[in-house]
Amino acid sequence: MIRAAITAVSAYLPEYILTNQELETMVDTNDEWIMSRSGIKERRILKDKDKATAFMAAEAAKSLLKKKGMAATELDLIIVATVTPDYQYPATANIVGDIIGATDVWGFDIQAACSSFIYALETGARYIESGRYKKVLVIGADKMSSIIDYTDRNTCVLFGDGAGAVLLEPSTDETGIIDCKMYSDGSGRKSLFQKAGGSLHPSSLETVTSKEHFVTMDGQSVFKVAVVKMADVAEEMMQRNNLKAEDIAFLVPHQANKRIIEGTANRMGVSMDKVMLNIQRYGNTTSATLPLCLYEWESQLKKGDNLILTTFGAGFTWGAVYLKWSY
Ligand code: ACO
């Protein structure tokens, strides 16, 4: 059986840092509240009006190709995980292909809210496993600042912008993506969503005036389900693969809330020094959180390390991937 392996990782983060102190001047909030409830200290914001998700995704892709010494034309497929595509259509993946000069490639976007990257990783892995595709670029990128209402303290403190990319290739040994389990439950759709802009409530003067193009979130109801489901699926992944806590080199969790991450690590019996945690610096970058973690911890990873990636997002959507690091 052909197995898919992550063979390179890279990322892009905008320069502008939006701190809790700056947010204090924008809405009725404070650093203590944000830190204690979410673990977030600052987040990056893409300020340029003429740049968006495709730009960040392409920057991450370009630096990955450079690192790997590879031409964009060698890619077979580009999958972009995002909830903030540049346009409703065409797909952001098509735009990224054009920017990086991948002339002999096809691509598409995947949207599963904060689970988008893990859904895209599983999808990309299946294309590699089919034997037909040799180099699949999976990018998680979001310009969350484009759908956040910076007068709504419930949401504006949580999110940030960024992009991360991984290259999938056929594994040449026993390493790579070993197992994956995804879930979704659409009955949770009203707890976290963007009310307008889709076919049910197309954009109109009315929808814009009533701010229906921004993130609407009932934080507490999302939190209650997230803290259980993310831990459940991570534990399930360990049991399915006979993994004990000491077998796991790193837990790679979606960065939505430090308390959800601690709950998951606790249930797995994994200590916090084995948890990739950068929420304090970037907040929730939605589709970019997992590749951003892999990028930042890359130098600490060793070939054969067991990693559990896990996530929870709007939908509801959640899932986990078990992989052995390949380099
Ligand atoms: N500053 C100060 N006070 C605030 C702020 C703020 N930024 N935001 C809310 N509050 C207030 C609320 O109004 C409320 O006040 P009240 O009691 O007077 O009504 C109080 O703080 C408590 O609010 P809660 O919502 O109960 O706070 P909670 O402890 O639940 O933390 C949080 C809120 C951080 C949003 C948490 O619920 C959470 O992380 N939820 C899950 C988010 C998540 O996982 N999202 C999924 C991924 S995102 C995606 O898929 C796109």
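Note that ligands are numbered from 1 as they come in the structure, with each ligand's atoms numbered from 1 the same way.
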**Q** Answer yes or no for atom 51 (C) of ligand 1: protein heavy atom present at a distance under 4.0 Å?
**A** yes
**Q** List the closest protein heavy-atom neighbour of atom 48 (S) of ligand 1: residue, atom name, distance to the nearest 0.1 Å.
**A** Cys114 SG, 3.0 Å
**Q** Regarding Thr92 and Asp86, do their side chains bring together a donor and an acceptor under 3.5 Å, going by distance alone?
**A** no
**Q** Looking at atom 18 (O) of ligand 1, what's its closest protein heavy atom, distance included?
**A** Arg153 NH2, 5.0 Å
**Q** May I ask you to list the atoms of ligand 1 that are less than 4.0 angstrom from any heavy atom of Val157?
**A** 7 (N)
**Q** Clusters formed by hydrophobic residues whose side-chain heavy atoms approach within less than 4.5 Å: which one holds Leu200, and what are its other members?
**A** none
**Q** How close does the nearest protein non-hydrogen atom get to atom 1 (N) of ligand 1, and which residue and atom is it?
**A** Thr29 OG1, 2.6 Å
**Q** Do other residues, nucleotides or ligands put more than 12 heavy atoms under 6.0 Å from the CD atom of Glu206?
**A** no
**Q** Going by salt bridge (Lys or Arg N to Asp or Glu O under 4.0 Å), name the residues that satisfy it together with Lys274, two or more places apart in sequence or in a different chain.
**A** none
**Q** Are Phe55 and Tyr12 close enough that their ring centers fall under 6.0 Å?
**A** yes
**Q** Answer with side chain, backbone, both or neither: which part of Leu192 has a heavy atom less than 4.0 angstrom from an atom of ligand 1?
**A** side chain
**Q** Are there protein heavy-atom neighbours of atom 8 (N) of ligand 1 below 4.0 Å?
**A** yes
**Q** Consider every N or O of Phe159 and every N or O of ligand 1, then say whether any pair is closer than 3.5 Å.
**A** no
**Q** Look at atom 40 (N) of ligand 1 and say which protein heavy atom is nearest, naming residue and atom and giving the distance to 0.1 Å.
**A** Gly219 O, 3.1 Å
**Q** Name the closest protein heavy atom to atom 38 (C) of ligand 1, giving the residue it belongs to and the distance to 0.1 Å.
**A** Asn257 ND2, 3.5 Å
**Q** In the protein, which heavy atom is nearest to atom 26 (O) of ligand 1, and how far is it?
**A** Gln220 NE2, 2.3 Å
**Q** Tell me if the aromatic rings of Phe108 and Trp106 count as close, with their centers under 6.0 Å from one another.
**A** yes
**Q** Using distance alone, with no hydrogens and no angle criterion, decide if Asn30 and Glu24 have a side-chain donor and acceptor under 3.5 Å apart.
**A** no
